[in-house]
Protein chains: 2
Amino acid sequence: MSGAAPRHDVFQAIADPTRRKLLGLLSEKEMPVKDITGHFSMTRPAVSKHLRILEEAGLVKERKVGRETRYRLDAGPLQDLKDWLSYFDRFWENKLSMLKHYVEEGSMDRETPEGQDPALSLVSRKSRPNQEEQG
Amino acid sequence: MSGAAPRHDVFQAIADPTRRKLLGLLSEKEMPVKDITGHFSMTRPAVSKHLRILEEAGLVKERKVGRETRYRLDAGPLQDLKDWLSYFDRFWENKLSMLKHYVEEGSMDRETPEGQDPALSLVSRKSRPNQEEQG
DNA sequence: ATTATATGAAACCAAACGGTTTCATGTCAA
DNA sequence: TTGACATGAAACCGTTTGGTTTCATATAAT
């Protein structure tokens with residue numbers, strides 16, 4: 001039997017804030033587990049497990065040096081994320097490109113009730129004041 | 001009291017393949033839950049829960065129309081993802097920009113053992129043959 | 001050889017996840 | 001008004017997650 005299929009993909013790997021912090025850390029320089037653990041408030045085995053998950057996702061490479069294992073970033077798989085994200089580019093790039101798609105594709109033609117323009121809700125929330133919780 | 005703090009962020013929201021598919025679907029057009037469910041092999045309440053999570057992350061907006069609730073994409077929060085990703089741009093954009101950072105920042109100067117060039121491991125795996133599982 | 005260090009692996013645990021079935025509620029249709 | 005439809009909410013369940021403590025193993029240092 002060949003190696004077990006990796007149980008974690010990039011999307012799952014970056015879902016955890018600890019792991020995102022790990023990637024940031026390892027992007028600066030290769031580090032052994034002991035040093036890495038110093039940057040977190042959890043035990044060493046916990047960090048080790050996160051590293052394992054990152055490695056399954058291909059986001060991190062390890063190298064044995066003497067008795068320590070040094071980890072470093074491999075940003076390659078982040079391309080998968082970028083690729084996925086790029087699909088949504090047209091929706092928030094700017095309102096104009098949104099409108100363009102809106103008109104050209106002709107989805108939901110004329111159904112929009114006034115004061116409820118979907119286009120408005122599709123531009124980045126970054127440009128709007130508050131993150132309302134509607135019910 | 002104001003609404004409870006959302007328990008799910010964008011990173012968690014997109015970690016699940018079902019939810020990613022949902023976003024793709026809802027990007028094409030606004031849809032009621034019943035129609036959405038037709039695209040999946042799970043029960044309607046399951047889909048509903050995924051929609052709830054997406055909504056907590058702000059990735060989806062809902063609108064009541066008669067007895068149905070129509071959901072549509074709000075790509076805005078994906079910007080958070082883009083922002084986070086952009087930090088890693090220099091690592092895989094291409095080997096040249098990598099080298100540029102390499103030289104300018106001067107991180108790990110001259111330490112690289114031959115046959116172990118870090119730059120090589122930092123370019124996208126997409127351009128390399130296989131996703132090896134090393135131990 | 002002996003001891004200390006660095007790490008992974010295993011066993012365990014509470015909480016969260018992803019799904020189900022069942023029930024309650026609101027709206028449209030006869 | 002009665003009934004069908006669309007949906008959310010609740011209770012439940014098995015699996016995964018994120019953490020712990022403990023143990024095993026390999027390398028370095030004395």
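By convention in this document, chain letters (A, B, ...) are assigned in the order of the sequence lines, proteins followed by strands, and residues within each chain are numbered from 1.
For the segment residues 30-45 of chain A, the set of residues with a heavy atom within less than 4.0 Å of an atom of DNA chain D comprises Met42(A), Thr43(A), Pro45(A), in numerical order.
In this structure, Ala46(A) and Gln12(A) both approach DNA chain D, and ranking their closest nucleotides by distance from the 5' end singles out Gln12(A).
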Notebook entry, point to check: When you look at Leu54(A) and Leu59(A), which way does the side-chain contact (heavy atoms from CB on, under 4.5 Å) test go after all the steps?
Noted result: CA-CA 5 Å; Leu54(A) 289 175; Leu59(A) 285 166; 4.1 Å; yes
Next item on the list: Dump the intermediate steps for salt bridge (Lys or Arg N to Asp or Glu O under 4.0 Å) on Glu55(B) and Lys61(B), then the final yes or no.
Entry: CA-CA 6 Å; Glu55(B) 198 226 333; Lys61(B) 294 297 180 205; over 6 Å; no
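When the C1' atom of dT7(D) is taken as reference, atom CZ of Arg52(B) falls 11 Å away, rounded to whole Å. Distance Lys49(B) NZ to dC12(D) P: 13 Å, rounded to the nearest Å. Atom C1' of nucleotide dG19(D) and atom CZ of Arg19(A) are separated by 12 Å, given to the nearest angstrom. We find that CG of Leu54(A) is positioned 13 Å from C1' of dG18(D), with the value rounded to whole Å. Per the geometry, CD1 belonging to Ile53(B) stands 14 Å off P belonging to dG8(D), to the nearest Å.
Pairs of residues two or more places apart, or lying in two chains, never qualify as ring-ring contact (aromatic ring centres under 6.0 Å, His included) while including a residue from residues 14-51 of chain A.
Nucleotides of DNA chain C that come within less than 4.0 Å of any heavy atom of chain B span, from the 5' end to the 3' end, dC17(C) to dC28(C).
At least one donor-acceptor pair closer than 3.5 Å links the side chain of Thr37(B) to the backbone N or O of Val33(B). A donor-acceptor distance shorter than 3.5 angstrom exists from the side chain of Arg20(A) to the backbone of Ile14(A), with no hydrogens or angles considered. Put simply, the side chain of Ser27(A) gets close to the backbone of Gly24(A): a donor and an acceptor are under 3.5 Å apart. Listed for the Arg72(B) side chain is no donor-acceptor partner under 3.5 Å among the backbone atoms of Val60(B).
By the 4.0 Å N-to-carboxylate-O rule, Asp89(B) lies close enough to Lys82(A) to be salt-bridged with it. Between Arg63(A) and Glu30(A) a salt bridge is recorded (basic side-chain N to carboxylate O distance below 4.0 Å).
Residue Ser48(B) has a polar side-chain atom (N or O) positioned under 4.0 Å from OP1 or OP2 of dG8(D). One finds no side-chain N or O of His50(A) lying less than 4.0 angstrom from the OP1 or OP2 phosphate oxygen of dT17(D).
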